[in-house]
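This report concerns only the one structure given below.
Start at 1 and go down the list; that is how both ligands and their atoms are numbered. What you see is a predicted model, and the numbers here were worked out from it, not measured in a lab.
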Amino acid sequence: MTTGPATGERELRGVAVYPDIVIGKAHLIDRSSVKIQYQCFVHDEDVDREVARFKEAVKTVEKEFTSLKENMPDRVRDQSFILDSHLMILRDGMLYDSTIEAISEERINAEWALKKSLEEIGEVFEEIDDEYISNRISDVENVTDRLLRTLSGDTGHCLGEINQRVIIVAHDLSPADTTELNTAWVMGFITDVGGKTSHTAIMAQALEIPAVVGLETATSLVKDGDLLIVDGSAGVVVINPDDRAIIHYQEKKLQLQAYRSSIARTSHLPAETPDGHRVAITANIEFLEEVTAAKDYGGEGIGLYRTEFLYLRGRGFPDEEELFEDYREVVEIMSPAPVSIRTLDLGGDKFASEVAISGESNPALGLRAIRFCLREPEIFKVQLRAILRASAYGNIQLMFPMISGLQELIDAKEILGQVQEELDRDKIPYDTGMEVGIMMEIPSAVTMAEVLARHVDFFSIGTNDLIQYALAIDRINEHVAYMYEPFHPAILRMIRQVVNAARDAGIKVALCGEMAGDPLCVSILLGIGIDRLSMNARAIPLIKKMVRAIPVVEARADLKKIMGLSTAKEVRAYILEKTKRMFPELEEKGYILD
Ligand code: PEP
Ligand code: MG
């Protein structure tokens, strides 16, 4: 979006990535000059040469990624898994084999074949209704882009050579590009494309430099040398600002910095309300590499380890050893804090080519998660064995996803029991007291909560799915996206019902959907009585700070009023007013939006 200039300046709005502000000169990265010869047929006798050219390009890029990984600056070393995933993509069958196949069978040049593979992968990713995973297509695009540049003879590695204090303006920056950035010189960056969960955004956060992505027109509106203000807290970029704007943003920068350090200073304190009520705050992770960040942000454990990633790489299913090593490392790093490992949630929106369940007209209601695992017990057992073996190295809690009723839970626990017997027989150690819980994310499970509570050690409420299923909203359907509403009174009642059932049975209840990390939900969840909130690690410091400021008696009193409201709009208005009053700085710093 562009707003009109009053003073010759111009303002663009995009996706805020890292809440800091920088003012400096634009350095435009123009890759449009790279000439790539896309479509051309090759003669039969040239096919082998074309395949060899492609293989050579893969090897070159492989070397580049490996060297970037080895020379990664310390503070982004935690993110080296991004380059690992790029290396995996390079040799992934869907990219590598398909490109070679297309060159050989269709007699086309390497660039064209590569583009075709990318399009096919794009179609597969489009089907995925998981923002994080579907955004991973940008990784494939970054790898392909690097390969295309290598094939065209353009090395284009000018980023590492920047030796002036600048703000990078680019159509897109791959994570490999960001790794090359010398942050002694590069003060921030803005891009036309990208979203909140793109790896470029993740890297900006790791590098802790202001960035705004998804600006759409930045490269066409900004000229090299323009003065820019990048406000990574509000997602705003001002081109050629006047003095007033510069003073305003300098002031805002100072305030933001002070606020961030005040939050960070206390992120290792417990989340205890002023009247002494404790809530556990844990992190959600998708990869082993995120564990250290979870700890650094003050996470008191891992409340949700989504284990699908190792199954979604398109390299065949991981074996028990690979899974065991991965889980053991997570658990050892976190020990003695707990790690809740969720068993496979494949199917529906998250699928692997090995288990593509075709022809489901309604995949969200299809053979996903525990349903799939019960249908394929051999695949399930491999994961259960790995989890149990890792449980000997720390504090694992096991969670079954998408449980709809007691029979499913009984069936899942029976398979778990069989695996435990096998381990006993083989004298392989595991934690015999390992807690077993379930995700509460299907309305039928909520209705049966009091029955289910007698069969598990804990509940973890998955509000992302619970909202989808309770409000009958297909999350891939943008026409009903506006109805995706955590403040719907029905959702709040369901959460309360689960908590009451857990209380009565004397078990703990966690909440690990997006609601847990939403500043607007903190007071409600405190009032309802959730024992553990599990969220994106970066949200932890702020949520902890808020918990420490809200007396639980007040949250309970508010909840009573909220439960008397009949629409989501009323609930939202109430909570917005209350949160703004209690934490006026949050709105101003871009942490809550109306
Ligand atoms: C949920 O459904 O709320 C949840 C945490 O699981 P996922 O987002 O992985 O489905
Ligand atoms: Mg879920």
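When each atom of ligand 1 is checked for a heavy atom of E441 under 4.0 Å away, the hits are 1 (C), 2 (O). Residue contact check: G462 has heavy atoms under 4.0 Å from atoms 1 (C), 2 (O), 3 (O) of ligand 1. Each of the atoms 5 (C) of ligand 1 lies under 4.0 Å from some heavy atom of C512. Taking every non-hydrogen atom of M439 and a distance limit under 4.0 Å, the qualifying atoms of ligand 1 come out as 4 (C), 5 (C), 6 (O).
Restricting D465 to its N/O/S atoms, the shortest distance to the Mg ion (ligand 2) is reached by OD2. Checked against the Mg ion (ligand 2), the N, O or S atom of E441 at the shortest distance is OE1.
The environment of CD in E450 is sparse: at most 12 heavy-atom neighbours from other residues, nucleotides or ligands sit within 6.0 Å. Other residues, nucleotides and ligands place no more than 12 heavy atoms under 6.0 Å from the NZ atom of K508.
Side-chain contact check for N536 and Y297: no donor-acceptor pair (N or O, by modelled atom type) lies under 3.5 Å. Side chains of T266 and R548: a donor on one and an acceptor on the other come within 3.5 Å. When only modelled atom types and interatomic distance are considered, D465 and Q468 share a side-chain donor-acceptor pair under 3.5 Å.
Stacking of R572 on the aromatic ring of F487 is not recorded, the 6.0 Å distance cut-off and the 45° axial limit not both being met.
Evaluated by nearest non-hydrogen atom to atom 1 (C) of ligand 1, the leading choice among N464, I461, L304, L511 is N464.
Looking at R342 against ligand 1, only its side chain comes within 4.0 Å, counting heavy atoms.
In this structure, R389 does not pair ionically with D431, as no charged nitrogen and carboxylate oxygen lie closer than 4.0 Å.
For E514, the heavy-atom gap to ligand 1 stays at 4.0 angstrom or more.
Inclusion of D345 in the first shell of the Mg ion (ligand 2) is not supported: no N, O or S atom falls under 2.8 Å.
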